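Report on the following structure.
Numbers here are sequence positions counted from 1. Computed from a predicted model, the values in this text were never measured in an experiment. Every number for a ligand or one of its atoms is a count from 1 in the order of the listing.
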Amino acid sequence: MIEIRDIGKKYAMGGTTVHALRGVSLTINDGEFVAIMGPSGSGKSTLMHILGLLDTPDTGEYLLDGRPVSRLTEDELAVLRRDTVGFVFQQFNLLSRMSAAENVALPLLYSRRGMSAGKGVEFLEKVGIADRAGHTPAELSGGQQQRVAIARALVNAPKIIFADEPTGNLDSASEKEIMELLRSLNRQGITVVVVTHEEEIGRQAGRIIRMRDGIVQQDDAAATVADVVPVPSKESKTTRSGSGGTLAEYFEHFRQGFRTLLANKVRTALSMLGILIGVAAVVAMLALGTGAQKAIEAQIASLGSNLLVLRSGSMRMGGVRMESGASTRLTMEDAAAIGQKIKSVKETSPAVTGRGQAGFQNKNWNTSIFGVMPSYARMHSAVPPVGRFFTVEENSRRQRVAVIGMRIVRELFGDRNPIGEMIKIRKINFMVIGILPEKGANSFHDQDDLVVIPLLTAMYRVLGKNYVDYIDIEIEQAEDMEAAQDSTMEIMLSRHRIPPSLQQDAFTIRNMADIQNAVSASGRIMSLLLASIAAISLLVGGIGIMNIMLVSVTERTREIGLRKAIGARRADVMAQFLSEAVVVSVFGGVTGIILGWLITVVMSALAGWATSVSLGAVTLAFVFSALVGVVFGIYPARKAARLNPIVALRYE
Ligand code: ADP
């Protein structure tokens, strides 16, 4: 039973206040069929919205079945609406993307009874159009659409149906059918309240309430309270009102979100783009970054670790004899002295370098010539996989044997086996005795473009030097590197009697460990840079999603109003729009992961890096994109959830 006392409602419009209702009191008994009539602007709709729990009055009392409801919160009203009333609108308000059956079943989503199209068909049968269950609203006539709307109003077994000009958009034949349907529902015990302009319709109701200027002008309440068939005690309703939905509900939200997005393919694709690029960047950059880092580290390791490289000083005075008689030219004796005097030194290896032509038959190739000690092979991980390195013996006898890099093999020999062949180095005959292990090339230096020959052969037969260019000093323990570096410098300065004024630049000692550290530090900076680029693109992507969601909320204002009218609480609307945002971003994220992986595969094939997309990177990207969806979906979803149902329903 509905009982209202002295209900008032006013609207502020511009500067003036419009009194839509000024003290309306009436009682509607269970099982009545009431028509609310009156001229436009007389307050009919306002009254119906209050009676239908879509709106609350400013003043007065509303008792629904004896329970005061005029001060309930929006969500409490939503729950009550969902369980007690059904709405039928002039514009039908069906959701165009859904089939008739799904439209009918929609309120079940909010009453937690599981939205199933089967239930929808069942109710469509009750209004006589079960054969149209699979059609979308656009494929139905006005009368059929209104039947679908009535079935939707019935699906939660309401006590009262409110119909706002239900036949206003229909031809007279359909009008008859709809009114007959409403009357039959009334006969089954459902209270029906119709707002209408038409006297003809009013006459079909058992009671007419005439409004004028916000008050009840006439109410033939005396009229029959139709032979009330008591409302069949409804099967116990699961009126759960707590928050937190079931898995099935979330699934349904996601399903609907997915369909909405599919309906706007181009728009969805565009809004996904930001996330997609961001995630692809994260995945690819993490993979390539680690790949590049590993490649660089491997190249440095191949130069030898625990290695100090001693050279004579700066270019300005490199290798020249100074007036004082001091010299910065390195000698083999220097190497021997360092090896003897510093305990932590494992081995020293002097070397000379130069450039020159290497020739075989009619082919020539300009390359680097290294004259080294046999220990070079071990210190630089250069033990030949094919053939052998030269011996101490061969060095001291200044023999003409050469170990050549893969580049030389390719340039001079092609597919032939070079071992045992005679090549010319600076026009001097050498026998190839081994091939150096392949170390690869980077953009500025090919590590395989060299020939390695015995140090003494190089000094006295090929390059004509009686000094060495640098000395590799291998240190036993990494932690002794720095001390050894200092001791080496001391020994060198004293051996060469360098005056204090020139000591600064006399010798340089390169520490491989330092270089390694520098490289990993720059690697970290690179990763940080890449990560921030990725973060920015994800941010931009998120803003894109927010933007599109805001458009979507505005576009679907009426839909939101309708969903609220049939019982959706704020949390339900929120969940719906959040799901959509998450679907977009996760879909973008997954596509991004695939794209990032493809980029990685292509790039690593081109760069020759052993990259791999790590599970960690993929998980990170996925979680991040889902998070972006949630974070940037919250604002639009809140905006949707906070829409006033009536304002939303009236939105054009
Ligand atoms: P009816 O349904 O009889 O045409 P309404 O209940 O819609 O009348 O409106 C009653 C009065 O309240 C009208 O003067 C209308 O302009 C005003 N009104 C209704 N809704 C609003 C609103 N949301 N904001 C401002 N004025 C409103």
Requested in this report: Answer with side chain, backbone, both or neither: which part of Ala12 has a heavy atom less than 4.0 angstrom from an atom of ligand 1?
Outcome: neither
Query raised in the report: With a 4.0 Å cut-off on heavy atoms, is Arg650 touching ligand 1?
Result: yes
Report summary line: re atom 14 (O) of ligand 1, the protein heavy-atom contact at minimum distance is Val18 CG1, 3.5 Å
Query raised in the report: Hey, does Val34 have a side-chain heavy atom less than 4.5 Å from the side chain of Val194?
Result: no
Report summary line: Checking heavy atoms under 4.0 Å, the part of Met13 that sits near ligand 1 is side chain
Report task. State plainly whether the residues Glu199 and Arg210 are in salt-bridge range, i.e. N to O under 4.0 Å. Result -> yes
Query raised in the report: Judged by non-hydrogen atoms, does Gly214 sit under 4.0 Å from ligand 1?
Result: no
Query raised in the report: So which protein heavy atom does atom 2 (O) of ligand 1 come closest to, and at what separation?
Result: Ser45 OG, 2.6 Å
Query raised in the report: Regarding Glu559 and Gln576, is there a side-chain donor-to-acceptor distance under 3.5 Å anywhere?
Result: yes
Query raised in the report: Are side-chain N/O atoms of Ser99 and Glu102 paired as donor and acceptor at under 3.5 Å?
Result: yes
Query raised in the report: Considering all protein heavy atoms, does one lie under 4.0 Å from atom 16 (O) of ligand 1?
Result: no
Report task. Please report the shortest heavy-atom distance between Gly214 and Val24, naming the atom on each side. Result -> O-CG2, 3.5 Å
**Report entry** Nearest protein heavy atom with distance in Å, relative to atom 27 (C) of ligand 1
**Finding:** Tyr11 CD1, 3.2 Å
Query raised in the report: For ligand 1, which part of Thr46 has a heavy atom less than 4.0 Å away: the side chain, the backbone, both, or neither?
Result: both
Requested in this report: Using a 4.5 Å cut-off on heavy atoms from C-beta on, say whether the side chain of Leu578 contacts that of Arg638.
Outcome: no
Report task. Look at atom 12 (O) of ligand 1 and say which protein heavy atom is nearest, naming residue and atom and giving the distance to 0.1 Å. Result -> Ala20 CB, 3.4 Å
Report summary line: ligand 1 atoms nearer than 4.0 angstrom to some heavy atom of Pro39 are 3 (O)
Query raised in the report: For the atom pair CZ (Arg563) and CG (Leu649), what is the distance rounded to the nearest 0.5 Å?
Result: 12.5 Å
Query raised in the report: Among protein heavy atoms, which sits nearest to atom 8 (O) of ligand 1, and what does the distance come to when rounded to 0.1 Å?
Result: Gly43 N, 3.2 Å
**Report entry** salt_bridge(Lys159, Asp65) N-O dist < 4.0 Å
**Finding:** yes
Query raised in the report: Which of the numbered atoms in ligand 1 are below 4.0 angstrom from a heavy atom of Ser40?
Result: 4 (O)
Query - Nearest neighbour in protein (non-hydrogen) for atom 4 (O) of ligand 1 - result: Gly41 N, 2.7 Å
Query raised in the report: Less than 4.5 Å apart, any side-chain heavy atom of Pro166 and any of Gln90?
Result: no
